[in-house]
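Numbers here are sequence positions counted from 1. Remember, it's 1-based here, ligands and their atoms both numbered in the order they're listed.
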Amino acid sequence: MAKKQFKTESKKLLDMMVNSIYTHKEIFLRELISNASDAIDKLYFRSLTDDSIKTKREDYEIRISVDKDARVLTLSDNGCGMTKEELENNLGTIAKSGSFDFKNDPSNKDKEQIDIIGQFGVGFYSAFMVSDKITVESRAYGSDEAYRWESTGADGYTIDACEKESAGTVIKLHIKEDTDDEKYSEYLEDYRIQALVKKYSDYIRYPIRMLTEHEHLKEGSKDEYETVTEDETLNSMVPIWKKKSSDVTDEEYNNFYQEKFYDWEAPLKVIRQKTEGVSNFESLLFIPSHAPFNYYSRDYEKGLQLYSSGVMIMEHCKDLLPDYFSFVRGIVDSSDLSLNISREMLQHDRQLKSIAKAVEKKIASELGKMLENEREKYEQFYKEFGTQLKWGIYNDYGMHKDVLQDLIMFKSSYEGKYVTLKEYVSRMKEDSKKIYFASGESVEKISLLPQVESVIAHGYEVLYLTEDVDEFALQMLRTYSEKEFSNVCKDDLDISTDEEKESLKQENEKAKDMFEFIKDSIGENLNSVRFTNTLQNHAACLSSEGAVSANMEKVLSKNPGNDSDRIKAELVLEINLNHPIAAKLKELFESDKDKLKNYSKVLYAQARLVSGLSIENPSEVSDLVCGLMLQ
Ligand code: ADP
């Protein structure tokens, strides 16, 4: 029979398919299996209302076989099959199910375009990525004629009558020869086929069978083996997320998670969700017990596996998870998504968005429940992934703070445990307006800060911020439950009475010249000097003014790209007005300026040290201290 030409669109797509440096050639198998499963579905549904169809549910199957020598991979199904016209119409034109609009030149190897194909598949034609010839023999159910469609690619196809005993379709792929870049032969290996079926088509509802060879001990022998051929079903058919919750044991969930997401530990939490209405989907989500080793690096790939009615269409669908929940693993299965590229692509996008929203809501609410009902578990989770939640608050200009602010915790001076902001506020004294916090390297170091000691002594609770992101996240939140956040080493603490404030103001005013002298003696980057009346036992401490705290400066300066001049904290040396040293300084200002100069330097160095900052001129300070000791 004369060769017929493909319709133009098909030709272009074939060209692109074969010539592109496309990385996911393996999806061809998924496409063919899905087609076979659809064909069986069609016949099965017809049989529900048509008594003349005798095939029983349990007879349906998809078969795969391999002939390595002839380089042929065969897939067959006993589904509805195709008539001559259907062969012509379905396989002669690409993507019959939805028109396919190629906006770009097919020779354009634009990565994005190729990826789209990888994600949504182009059905039957993808087989040309690995085959140089394809033969399809098909017999429509109820017909006694069978036809063979054959093509070697873009140059066209032929259709001839052939013999076929029963209804269904047999597709023979003649696998391409290996090249330097591509080992097509792997598609002729049992293990590879098995792995691909597991990966993409594990939940196809009909058995996918293959004769496989296994080595077995010979009966009655201890060391003699024989090769046994077994008919093996490669797919597990019912997805765990389609089973009733009550039918799935914890162990099954754990095994599924560990196998699928390569974790050696069981997940901390399993979340199931089923939504019908605006978007129809089911999800099975897992919160891992620990962060993967690369979690906080660029290598980590977030995303959920995306299925369309049991068939995997994307391994890491990033759009389904916001960054702050990037630790969640799992799957989403929706009947609203189709395998095909089609005009509906844009709609998929919308569908995906609405699924993503629902998934996000579900994760947030499950975490909230865990926090409320399983505190210990939540703290375990928080130790692993809390940083990510705090980044989530900071990122995108605080857009997600409503979702996240009740999920974050900090260690606090109250019993040294993790507290939520809600808990902090619930314990606040009636008249207090601020949520106090201090930041530093560790809880121990922060708790020793002079300002922290004094705020605690005044009866307030202090949150201990030990991570880089913490202060930035709180700055983004600005308030919680209408209470402002206040850095005890920076902001006006508002813990003294009006009288105390007034008298401090006067003392500061009186000592203006001395402060100027002290400031000049210290030089460096000190912004100003003043008295404080809120310190307990310490002689002096460092605080800061302006938007950047001393700790934020430390964090920001770790970032090589930052302009270190611009992000300097404006440091203030605060001298305890109630400490004998204050009187001593005043006295020296009158009697011995040289000595005051040295004392100022020592005092400043001490203040830096207790604030967790390093001294810039340690040997000078050391000499000064020795000098004092020898006096
Ligand atoms: P799609 O599956 O997206 O419609 P394909 O290119 O994969 O596109 O297949 C085109 C059409 O060919 C299918 O819609 C179906 O009607 C038909 N077809 C493909 N494979 C089979 C099969 N194994 N049995 C019956 N019909 C099939």
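Judged by distance alone, the side chain of Ser131 and the main-chain N or O of Phe128 form no donor-acceptor pair under 3.5 Å.
Around atom 7 (O) of ligand 1, the closest heavy atom drawn from Leu43, Ile62, Asn35, Thr169 belongs to Asn35.
Between the side chains of Gln351 and Ser279, no donor-acceptor pair is found at a separation under 3.5 Å. Residues Ser283 and Gln273 bring a donor and an acceptor atom of their side chains to less than 3.5 Å of each other. His316 and Gln305 form no side-chain donor-acceptor contact under 3.5 Å, judged by distance and modelled atom types alone.
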- Item | Steps toward salt bridge (Lys or Arg N to Asp or Glu O under 4.0 Å) verdict (Glu177, Arg71) | CA-CA 9 Å; Glu177 294 296 333; Arg71 295 188 73 79; 3.8 Å; yes
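With a 4.0 Å heavy-atom cut-off, ligand 1 is reached by no atom of Asp38.
Short contacts between ligand 1 and Met82, defined as distances under 4.0 Å to a heavy atom of the residue, involve ligand atoms 17 (C), 18 (N), 21 (C), 25 (C), 26 (N), 27 (C). Listed by number with element, the atoms of ligand 1 under 4.0 Å from a non-hydrogen atom of Lys42 are 16 (O).
Looking at ligand 1, you'll find an N or O of Asn90 within less than 3.5 Å of one of its N or O atoms. Some N or O of Phe124 is nearer than 3.5 Å to an N or O of ligand 1, by distance alone.
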